[in-house]
Amino acid sequence: MSTRKPLIAANWKMYKTPAQSKEFVAAFLPLVHGHTRDEIVLCPPFVDIVAVVATTHGSKIHVGGQNMHWQEEGAFTGEISAGMLAAAGCTHVILGHSERRQLFGETDDTVNQKLHNALKHKLVPIVCVGELLAERGAGKTEEVLLRQVARALVNVAPDLARHIVIAYEPVWAIGTGKTATPEMAAEAHLIIRSQVARSLGREIADNMRILYGGSVKPENATTLLNQPEIDGALVGGASLDAQSFAKIVQYTLF
Ligand code: PEP
């Protein structure tokens, strides 16, 4: 039996105003009241963070950013720093989401720089990795995952690395309704864990949580989350509705 506490994170992407985020929290909190099995994290757009931190105060719900810059501060119009996220009440941050990599030029190297700064500010980084459909088709899934994980972890000190979370998100499964089969996900997670062991040592690898993301819904959450290698989920579309996200959080453990 794994001692890794499952983590279920909501990635709201560019959805919800502050008022809508408060409505979500008001509906969501009673649905998960007393739920302690899993770590629950809401990652709203930046402008909603203050509202979500305030309305979840006193509950076990954590709040995370969806992105951050790697510098402390500076002339970086439109960016936000790890220190700002932490000061606003965030405890987690998503790094290297495939939408950031594909649409906003994020690279393995910027993910690594961001990871260092997130750890400096004691944020729990949720580092996203995953292959494109063409890469899977070309038999390159393992190569891509090994590279993304190895480069994200460059020069990370093992004593700081304990808090890192990795999310395996096959790009072809994000927002498409297609999910990796539990076997595909389990195989990818083993590949990721093997690279973490090479980068940071076996003990850290065995304790690191590796989430699955890609069209997780209430209907498939139980099957996916019962895979011993899957330590939680990063949920996009299905996290926008309080009932639906609460059902995912309440997946049945067999
Ligand atoms: C995501 O954005 O990380 C994600 C997995 O999205 P979806 O659940 O909509 O596929």
Side-chain angles (χ1 to χ4, degrees), residues 6-16 20-21 24 28 38-46 48-49 52 62-68 85 90 92-106 111 114-115 118 123-133 135-136 141 144-145 148-149 152 164-182 184-186 188-189 192 209-225 227 229-251:
L7 188 160
I8 316 285
N11 174 16
W12 287 354
K13 312 194 185 200
M14 198 173 74
Y15 292 100
K16 294 191 190 298
Q20 289 167 335
S21 73
F24 177 100
F28 183 65
D38 311 280
E39 192 170 312
I40 305 171
V41 188
L42 301 177
C43 300
F46 294 139
D48 299 346
I49 286 173
V52 176
H62 299 269
V63 183
Q66 296 176 14
N67 180 34
M68 52 168 267
L85 290 176
C90 287
H92 295 63
V93 63
I94 298 172
L95 298 179
H97 190 278
S98 64
E99 286 151 17
R100 303 285 329 159
R101 292 180 192 254
Q102 289 193 292
L103 304 173
F104 302 100
E106 190 124 339
V111 172
K114 291 177 182 198
L115 179 61
L123 294 171
V124 175
I126 303 175
V127 180
C128 302
V129 297
E131 79 287 359
L132 302 168
L133 187 58
E135 290 167 336
R136 177 164 281 272
T141 301
V144 170
L145 295 178
Q148 289 178 335
V149 174
I164 298 173
V165 175
I166 294 182
Y168 169 57
E169 298 213 306
V171 179
W172 47 270
I174 297 180
T176 58
K178 293 182 189 152
T179 39
T181 61
M184 277 177 183
H189 284 215
I192 291 167
R209 291 174 295 177
I210 304 180
L211 317 182
Y212 169 76
S215 297
V216 175
K217 310 253 177 286
E219 302 77 50
N220 59 25
T222 292
T223 311
L224 287 163
L225 290 162
Q227 295 298 311
E229 267 301 316
I230 298 184
D231 306 316
L234 180 54
V235 187
S239 73
L240 291 169
D241 175 74
Q243 305 276 346
S244 147
F245 190 53
K247 280 190 193 144
I248 293 174
V249 168
Q250 285 152 347
Y251 66 91

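Atoms within a ligand are numbered from 1 in the order they appear, just like the ligands themselves.
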Q) Contact between Ala173 and ligand 1, counting heavy atoms under 4.0 Å? A) yes

So, the side chain of [X] versus the backbone of [Y]: is there a donor-acceptor pair under 3.5 Å, distance only?
X      : Y      : value
Ser239 : Phe245 : no
Glu169 : Gly130 : no
Arg101 : Val111 : no
Asn11  : Gly236 : no

Q) At what distance is the nearest protein heavy atom to atom 1 (C) of ligand 1, and which residue and atom is it? A) His97 NE2, 3.2 Å

Q: Could you check atom 5 (C) of ligand 1 against the protein and tell me its nearest heavy-atom contact, residue, atom and distance included?
A: Glu169 OE2, 3.1 Å

Taking distance alone, with no angle check, do [X] and ligand 1 share an N/O pair under 3.5 Å?
X      : answer
Thr176 : no
Gly237 : yes
Gly175 : yes
Glu99  : no

Q: Going by heavy-atom distance to atom 7 (P) of ligand 1, choose the closest among Cys43, Ala238, Gly236, Gly177.
A: Gly236

(Q) I need the contact type for Leu234 against ligand 1. Using non-hydrogen atoms and a strict under-4.0 Å cut-off, is it side chain, backbone, both or neither? (A) both

**Q.** Part of Cys128 with heavy atoms under 4.0 Å of ligand 1, whether side chain, backbone, both or neither
**A.** neither

Q. Considering only heavy atoms from C-beta outward, does the side chain of Tyr212 approach that of Leu225 to under 4.5 Å?
A. no

Those atoms of ligand 1 less than 4.0 Å from some heavy atom in [X]:
X      : answer
Lys13  : 1 (C), 2 (O), 6 (O)
Gly214 : 5 (C), 10 (O)
Ser215 : 7 (P), 8 (O), 10 (O)
Asn11  : 1 (C), 2 (O), 3 (O)

Q: Looking only at non-hydrogen atoms, find the nearest pair between Leu7 and Leu211 and report the distance.
A: O-CD2, 3.6 Å

(Q) Can you tell me which residue among Phe46, Phe24, Phe28 is in a ring-ring contact (aromatic ring centres under 6.0 Å, His included) with Trp12? (A) Phe24

Q. How are the rings of His189 and Tyr168 set relative to one another: parallel (under 30°), tilted (30 to 60°) or perpendicular (over 60°)?
A. perpendicular

Q) Counting only heavy atoms not in Tyr15, do more than 12 fall under 6.0 Å of its OH? A) no

